[in-house]
Amino acid sequence: MSPVLIDELASSLAWWDRTRDLQKRFAEQNLPGHEALAQRFLQLVEEILGFPRHLSQHVGGFVITEGPISQLVPVENASMPERTVIQWDKEDIEALGLMKVDVLALGMLSAIRKCLESMDSYGAAITCLQDIPEGDTATYDMLCRGDSIGVFQVESRAQMSMLPRLRPRCYYDLVIQVAIVRPGPIQGNMVHPYLRRRASPDMVSYPSPDIKDVLKSTLGIPIFQEQAIKLAMVAAGFSGGEADQLRRAMASWGKNGNLIKFERKLVDGMLERGYSEDFAHRLFEQIKGFGGYGFPESHSASFALLAYVSAWFKCHHPAAFYCALLNSQPMGFYSPSQLVQDARRHNITVRPVDVMHSYWDHSLELPSGPITAAEQPALRLGLRIIKGLSQTAAERIAAARHGQEFANLEELVHRAQLDAGDREALANANALVAFSGNRYQAHWQILGFEPARPLLDNSLLDRPLLEPPLSEGPCAIDTTRDKNISDKNQVIGNNKSIRTSNGKLPETVQLPIPSTIDNMLADYRATGLTLGRHPMALLRGHAAFKHCKRQEDLIHLNNHRFVRVAGLVTGRQRPGSASGVVFLTLEDETGNINVIVWKDLQQRYRQALLASKLLLVKGIMECKNEVIHVIAGELVDHSEALETLCIKSRDFH
């Protein structure tokens, strides 16, 4: 099989496809003997299923042994310096009875530290986590609206849909919020019963006082792993050792099915203690759900603390919050483009990347007056988002600018020692606008620089590095600094790779200003985001989108009405706990639109579902608890309108 065919198969198949889907793809390629070829290909693929795709390490995993671990298992160097890995996985270590300690490494911890540092730059009263007030009403109001993009653990689509339904008002509500949107509680049918009891407390009941002691904090529904273990002990008579075996079986349920052997003992134990058989079987099904993945309460409590802290930052110091998130990428659920758009929707001024103001990292630019909720610092985009520009070059720009701004492009190039690749990357990102006015003019101006010719280096000592300018235009430079030979030796010695053609840049040629669309496309190509008009705003006049509603329009429509929506596809999800449903996220100029694609529709619009960048959806809008979804009835791929726009969606993560 040709590599081209394999690439086509890889792009046309989804992870949930089955054997018949693979055979259908082979048939569509019109390959001779496609049935036999597909069968052979499938056989080879199945042989390598389960093989490690790559060697990796737990970033905070430690194995503790009495003697040198190399006496037990081969140790090899990891790709990161000063890191090593062993050839066993966690199941091997547990089987051998070795002690393993996992230290959880979270990108949000880095973001919180950077947020505190940014706040310190403008004298905020909060200097550490202990300074953050508990139970802040405004923070919980924000969470109840589902306004949680960037907030730790509650920023996913499922969590954002749950927030307005669960409506957390205190810390322990967040503990439950973090734990309940997990495969275990969902598959164990715990979510809806809990929400119903939370909405109607009179529905809460307990079969016995012992069970009430275990489940009172979660309204009679087992949500945490510890509760499932305690229930087995108080309701079915499990000993401590048996309960620990049940815990281990829950952890390995999806792998070897050890959990099923506990069903009879659990049911019989509950029947002996007077519980109904229906209640016993329901409890076991919930315990099976924890095998899919459930949270310990202690784990959820730790995560809920970080969720509250990050939510408080977003609510009260949004500029510092978004700046910290952007400086901590890659992390979280959203791209820098989506974070920037959310920041602007929260009235944060975002300023473009600019060699006259930007550092490597994103930074805050303080207002003239005091920092208030209405007057937040502006967010200046950093040079780090420019594709093709190294951190070293960016730091040279910031260092050269320190204490003295660049008078013109020549000064920037010479003082920051920028090579052709650096100059091209800056021009592509429109970061030279202070000197050129627009990116087209910047590209023209950087063509005036030539690589050094070593044979001419000595001759240059006898004349100025650059001839005096003919005018006082934007490219004029000050040559008075070249006062003596020693000064010229220093300048030339530091910049041997950079010269200008004929000693000056051409100033007479003025290229046309790029159009709004050209700027937008160039922004996405160079930085992955734009501060100009959103692509959908530019396409609203297109006939295909004439009747499409924007995200902000949906809240004003009647429930269960037919709508058309369109947007960039920024996310595709098909959770294992969702019975085959695909969730799409479309982004337009006003926000994100949630789309549900039922299983029977997926095959009919397969290509549009899997490959589209710009999607038009016709369907029924549903609104419940201020959470809006569009139930798709038809998917139309309009990616041709964006065929030159490099936008990637977050697919099935």
Side-chain angles (χ1 to χ4, degrees), residues 114-115 117-123 317-329 336-337 339-341 343-344 347-369 371 375-418 422-443 445-446 474-478 513-514 519-520 522-524 526-532:
K114 293 175 182 178
C115 187
E117 291 171 353
S118 294
M119 292 162 56
D120 184 62
S121 69
Y122 55 81
H317 295 268
F321 173 75
Y322 287 107
C323 185
L325 285 183
L326 289 168
N327 284 331
S328 303
Q329 296 296 307
S337 175
L339 292 174
V340 165
Q341 290 185 52
R344 297 173 80 182
N347 300 317
I348 302 301
T349 299
V350 183
R351 294 172 179 164
V353 60
D354 188 332
V355 292
M356 296 294 283
H357 303 284
S358 296
Y359 298 90
W360 170 251
D361 279 336
H362 309 282
S363 57
L364 298 181
E365 296 180 348
L366 305 184
S368 56
I371 304 296
E375 189 70 18
Q376 285 284 303
L379 173 58
R380 172 68 69 176
L381 296 181
L383 298 168
R384 65 187 296 153
I385 66 171
I386 299 178
K387 298 175 183 177
L389 183 70
S390 68
Q391 183 173 353
T392 302
E395 290 172 347
R396 285 202 307 269
I397 292 172
R401 189 181 67 225
H402 183 68
Q404 181 183 359
E405 292 187 346
F406 305 114
N408 48 50
L409 185 56
E410 292 95 328
E411 277 201 11
L412 166 68
V413 171
H414 290 303
R415 285 163 54 188
Q417 303 176 39
L418 301 180
D422 298 331
R423 301 194 296 270
E424 184 74 16
L426 290 169
N428 288 339
N430 206 25
L432 303 176
V433 67
F435 310 123
S436 57
N438 64 75
R439 54 173 31 102
Y440 285 177
Q441 196 68 25
H443 278 291
Q445 288 183 344
I446 64 174
C475 292
I477 62 170
D478 180 8
I513 298 175
N519 264 330
M520 178 194 69
D523 284 343
Y524 275 109
T527 65
L529 58 89
T530 184
L531 298 183

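Values below: every heavy atom of this structure, side chains too, minus hydrogens, waters and symmetry copies. A quick note: this is a predicted structure, and the numbers were derived from the prediction, not measured.
Side-chain atoms of Ile446 and Leu426, non-hydrogen and from C-beta on, never get closer than 4.5 Å to each other. The closest side-chain heavy-atom distance from Leu389 to Asp422 is below 4.5 Å. Here the side chains of Leu366 and Pro377 are in contact, with some heavy-atom distance below 4.5 Å.
Arg423 contributes a side-chain N or O that, together with a main-chain N or O of Leu418, makes up a donor-acceptor pair within less than 3.5 Å. No donor-acceptor pair under 3.5 Å is formed between the side chain of Thr527 and the backbone N or O of Ile385. Distance alone, capped at 3.5 Å, places no donor-acceptor pair between the Arg380 side chain and the Asp354 backbone.
The side-chain tip of Arg401 points at the ring of Tyr359 from less than 6.0 angstrom away and within 45° of straight on.
Between Glu411 and Asn408, the closest heavy-atom pair is N-OD1, 3.0 Å. In terms of heavy atoms, Lys387 sits closest to Ala425 at O-CB, 3.7 Å.
In this model, no donor atom of one side chain and acceptor atom of the other lie less than 3.5 Å apart for Gln441 and Gln445.
At a threshold of 4.0 Å, the pair Lys114-Asp361 does not count as salt-bridged, since none of the basic side-chain nitrogens sits closer than that to a carboxylate oxygen.
Taking the six-membered ring where the residue is Trp, Phe435 and Phe406 present perpendicular rings, their angle passing 60° and hence far from 30°.
The neighbour count for Glu117 CD, taken as heavy atoms of other residues, nucleotides or ligands under 6.0 Å away, is above 12.
Atom CG of residue Leu379 and atom OG1 of residue Thr349 lie 9.5 Å apart, to the nearest 0.5 angstrom.
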